[in-house]
Amino acid sequence: MGETLKIPRAGQLLHVEVTGSRGVPLVLLHGFPDNLHLYDELMPHLGDRRVVRFDFLGWGRSDKPDGYPYTADNMTGDLAAVIDHLGLERVVLVAHDASGPPAIDWALLYPHRVAALVLLNTYYHQTLSLRRPPVIALYSTPLLRNVARKVAGRGSDLARRLYFWQVGRFISDDQRRDPMVNRLYDYFTAAQPAFWRLNDDLLGTVLTRRRRLPDLRRFDRPVRVIFGVDDRSLNPRVARRFADLFPRAELHLLRNASHFVQIDQPERTAELVLTAG
């Protein structure tokens with residue numbers, strides 16, 4: 001049992017779900033091209049821990065304003081709106097994929113409010129080991145992305161095929177793959193404008209974040225880096241880079257798990273998240 005809220009942000013409403021009552025709240029952040037259902041397999045293993053998960057603007061059941069600047073910086077604003085509205089004094093931030101930059105940016109702004117930072121197959125800055133998944137590269141490379149969006153228009157059969165192929169590759173567990181990809185895709189067509197705009201923002205985000213690396217090296221809160229070893233894009237080399245950057249980082253590489261580590265290894269991921277802070 002839990003509570004569903006609509007929290008105001010920039011004149012829009014964020015869809016937020018709150019469950020449990022114990023401990024420092026876990027704030028679960030999704031990336032793209034998904035939504036809060038990314039954590040459905042993890043939730044049963046979190047017990048009565050207080051958990052907050054929400055859809056960023058443009059995704060899931062949150063508002064999707066036309067022409068809105070869907071960027072990593074504005075995702076940081078979404079996160080801040082949720083934490084402040086709920087009056088959370090300290091949190092464990094759990095970031096996955098594209099929520100890495102906003103989660104880390106918020107943590108750097110408010111380190112005293114961070115009980116721990118948990119990084120699940122995510123990214124922050126450009127490194128030699130970082131690889132964009134093929135469909136993300138298709139939609140985020142300048143010039144090429146314009147052609148790709150015309151050919152694979154919003155809600156087209158080709159867009160659907162690309163989604164199922166790419167997101168299916170993010171999951172190693174054969175039994176969980178099809179149900180989860182279908183569940184996530186139910187919300188994707190409406191979220192395509194946000195998806196395309198975040199792809200526009202992607203290269204600039206990872207390039208500009210390089211200048212903040214000294215701040216990561218001074219970040220004195222616990223950091224737990226949890227990556228699936230079968231992820232070819234956000235791979236173990238990216239995970240090791242994170243662990244080397246943060247002074248209080250622990251590295252956990254989970255076998256038989258790909259990009260969606262919380263789906264492939266929910267029990268082990270939950271154990272590590274619950275004990276992070």
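It should be emphasised that the depicted structure is a prediction, and the values quoted were computed from it without experimental measurement.
Separation of atoms CG (Asp84) and CG (Leu79) is listed at 9.0 Å; rounding is to 0.5 Å. With rounding to the nearest 0.5 angstrom, the OG atom of Ser140 is 5.0 Å from the CG atom of Leu203. For the atom pair CG of Leu202 and OH of Tyr123, the computed distance is 4.5 Å after rounding to the nearest 0.5 Å. Expressed to the nearest 0.5 Å, how far CZ of Phe227 lies from NE2 of His252 amounts to 12.5 Å.
Between Leu38 and Leu184, the shortest heavy-atom contact is N-CD2, 4.0 Å. Closest approach of Leu251 and Ala243 over heavy atoms only: CB-CB, 4.0 Å. Residues Arg50 and Leu88 come closest through the heavy atom pair NH1-CD2, 3.5 Å. When all heavy atoms of Ser258 and Ser172 are compared, the pair lying nearest together is CB-OG, 3.3 Å. Listed here is the closest heavy atom pair of Arg53 and Leu36: NH1-O, 3.0 Å. Nearest heavy-atom pair across Pro101 and Tyr124 is CA-CD1, 3.6 Å.
The closest donor-acceptor contact from the side chain of Asn182 to the backbone of Pro179 lies at 3.5 Å or more, if one exists at all. Side-chain N or O atoms of Asn35 include none that pairs as donor or acceptor with a backbone N or O of Asp55 at under 3.5 Å.
You'll find the side chain of Pro193 stays beyond 4.5 Å of the side chain of Asp66, heavy atoms only. Two residues are said to be in side-chain contact when any heavy atoms from C-beta on lie closer than 4.5 Å; Arg197 and Asp201 meet this criterion. Taking the side chain as every heavy atom from C-beta outward, His15 and Thr4 approach each other to under 4.5 Å. Taking 4.5 Å as the limit, some side-chain heavy atom of Val223 sits within range of a side-chain heavy atom of Leu119.
Aromatic ring centres of Phe56 and Phe54: separated by under 6.0 Å. Outside the 6.0 Å centre-distance limit, the rings of His30 and His37 are not counted as a close aromatic pair.
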Arg237 and Asp231: CA distance, side-chain angles, deciding distance, salt bridge (Lys or Arg N to Asp or Glu O under 4.0 Å) verdict: CA-CA 10 Å; Arg237 287 174 293 172; Asp231 190 341; over 6 Å; no
Worked check of side chain to side chain donor-acceptor pair (under 3.5 Å) between Arg240 and Ser129: CA-CA 10 Å; Arg240 293 187 183 96; Ser129 53; over 6 Å; no
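In this model, no donor atom of one side chain and acceptor atom of the other lie less than 3.5 Å apart for Asp200 and Tyr70. Looking only at atom types and distance, the side chain of Ser62 has no donor-acceptor partner in the side chain of Arg9 under 3.5 Å away.
Between Tyr110 and His112, the ring planes lie perpendicular to each other; the angle is over 60°, past the 30° to 60° tilted range.
Residues satisfying the ring pair (Phe, Tyr, Trp, His ring centres under 6.0 Å) criterion with His125, sequence neighbours excluded, are absent altogether. For Arg221, there are no salt bridge (charged side-chain N to carboxylate O under 4.0 Å, His left out) partners at least two apart in sequence or on another chain.
Within 6.0 Å of CZ on Arg232 lie no more than 12 heavy atoms contributed by other residues, nucleotides or ligands. The neighbour count for Arg255 CZ, taken as heavy atoms of other residues, nucleotides or ligands under 6.0 Å away, does not exceed 12.
For the pair Arg241 and Asp244, the salt-bridge criterion is not met [side-chain N within less than 4.0 Å of a carboxylate O]. Salt-bridge annotation for Asp63 and Lys6: absent, with no side-chain N of the basic residue lying under 4.0 Å from a carboxylate O of the acidic one. A salt bridge is absent between Asp97 and Arg132; no separation between the charged side-chain nitrogens and carboxylate oxygens falls under 4.0 Å.
Judged by a 6.0 Å distance limit and a 45° cone about the ring axis, Arg160 is positioned over the six-membered ring of Phe164.
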For residues 267-277, run the donor-acceptor check on the side chains, cut-off 3.5 Å, and write out each pair with its distance to 0.1 Å, sequence neighbours left out.
unit_1	atom_1	unit_2	atom_2	d
Arg268	NH1	Glu271	OE1	3.1
Arg268	NH1	Glu271	OE2	3.2
Thr269	OG1	Val261	O	3.4
Thr269	OG1	Gln265	O	2.7
Thr275	OG1	Arg224	NH1	2.7
Thr275	OG1	Glu271	O	2.9
Thr275	OG1	Leu272	O	3.4

